[in-house]
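First up is the structure itself, then whatever we jot down about it.
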Protein chains: 2
Amino acid sequence: MSPTPARTSRDAILAAARTILERDGLDAVTMAAVAERVGIRPPSLYRHVRDRAGLLVALVGGAADELRIELVAAAASIEDLPGPEGPARRVVAITDAYRAFARRSPRTAALLFSDLGPATAAIVEASARAAAPVVEAAAALAGPERALSAARVLTAFAHGFTSMEVAGAFRLGGDPDEAYHLGVATLVAGLRTGRPDPAVRASARPGTR
Amino acid sequence: MSPTPARTSRDAILAAARTILERDGLDAVTMAAVAERVGIRPPSLYRHVRDRAGLLVALVGGAADELRIELVAAAASIEDLPGPEGPARRVVAITDAYRAFARRSPRTAALLFSDLGPATAAIVEASARAAAPVVEAAAALAGPERALSAARVLTAFAHGFTSMEVAGAFRLGGDPDEAYHLGVATLVAGLRTGRPDPAVRASARPGTR
DNA sequence: ACCTGAACACCGTTCAAGT
DNA sequence: ACCTGAACACCGTTCAAGT
């Protein structure tokens, strides 16, 4: 007759799901596996999450918030400097933090920009929150006009690189670290100084002002 | 008594799967849906592919080969020029071709560097084949020593950008085309001229010579 | 108020049986 | 030689029933 207290929590469920995701992959994140890990039966999960897709979206959303905090911390760890030096270092710190996150939670990171079906919108929203510090740093680096484009370029590189890394795409030898820092340094230097080489720009396809 | 001729083919199966993938997403690529589309029953599929994972791997592998052909064609469409101008334009042509492919087959492109379980190795191999023209062009642009890193940087950017685009990550307004070409132009200009800014490089974490 | 067993539809896969 | 129906294990999900 007495109302029974909850035997688990939404947070515990999300944590369990994330552990399974990182350890065994997305297919292993079944309702049965998650339920067992938190000590309840599968049907009870539906009291805490709408369905499996909702669970995954919440998982990725939580990870995005966690990432945002780490990116903000990385940006804050760089002292302000006069001239363009500060923003450049800040961007490097942010991209390094992104990569650190992706290496710690590779499968979660791979889901940050993935098509998870109809519920994808919520993930995109969470990712946008996480991208805020990137846009801020990009604005300081490349100027307010190019801030959005610069942030997209930096995010695309960091995300693309780490997701390739996670998929095991770098097996031809060489040093992935070197490639990552080459990319970041090239982008930071180019986005800072302003216009890229006009000859190259001219060969981009027309109609893209 | 007479041996019955095959009612379908592996190619037809892969094409059917790809159509469903692009139209309705990965979850919709069920054995039942593919079988129905080629006019057989689900169990018969197992005569042509090992299992669902094998089907997906073959699908992505075929797409990677198709992509490779388009990248080679894009590279060949740029005439040789003396000096660094030729390689730069070639790299732009290749990255444009990659983006065109990703826009035509967004969900397939998203799978090119994805973790599809134990069979992922085959996908990575196919992607490596597709990356060959990129490495070649990167070598001409950045020199043989930095060819591999430069190719990784360019591929990471192109893949990361298009996968974000596919996921609908660019909703803050602005022009994605502009951002894409800004990224490509920045990378091409920076990778061509050689060393990125030393001050920025110095802030990369140590031990990555 | 929260959890569960039972049940349903669906999916991937196997295999003996059909032609 | 290729295809199929029947069957199995598993999965996501619902819901009436339990405490």
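Below, chains carry the letters A, B, ... as their sequence lines are ordered, and counting in each starts from 1.
- Every stem involving DNA chain D, taken as at least 3 paired positions in a row under the Watson-Crick or G-U wobble test at 3.5 Å, is listed here: C:4-8 with D:12-16, C:12-16 with D:4-8.
- Applying the salt bridge (Lys or Arg N to Asp or Glu O under 4.0 Å) rule to pairs touching residues 24-41 of chain B yields nothing, sequence neighbours excluded.
- Distance, B:R7 CZ to D:dC3 P: 6 Å, rounded to whole Å.
- Classification of B:R99 and B:D96 as a salt-bridged pair fails, no side-chain N sitting under 4.0 Å from a carboxylate O.
- Of all non-hydrogen atoms in A:L182 and B:R146, the two that sit nearest each other are CD1-NH1, 3.4 Å.
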Where protein sits on nucleotides 6-17 of chain D, one letter per nucleotide: B base, S sugar-phosphate only, - none, heavy atoms under 4.0 Å:
B----SSBBB--

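- Scanning for side chain to side chain contact (heavy atoms under 4.5 Å, CB included) contacts around B:A33 gives B:I20, B:T30, with sequence neighbours left out.
- Salt bridge annotation for B:E136-B:R90: absent, with no cationic side-chain nitrogen under 4.0 angstrom from a carboxylate oxygen.
- Listed by chain and number, the residues in a ring pair (Phe, Tyr, Trp, His ring centres under 6.0 Å) with B:F113 are B:H159 (sequence neighbours excluded).
- Identified under the salt bridge (Lys or Arg N to Asp or Glu O under 4.0 Å) test for residues 150-161 of chain B, with sequence neighbours left out: none.
- Between the side chain of A:Y98 and the main chain of A:T162, no donor-acceptor pair closer than 3.5 Å is present.
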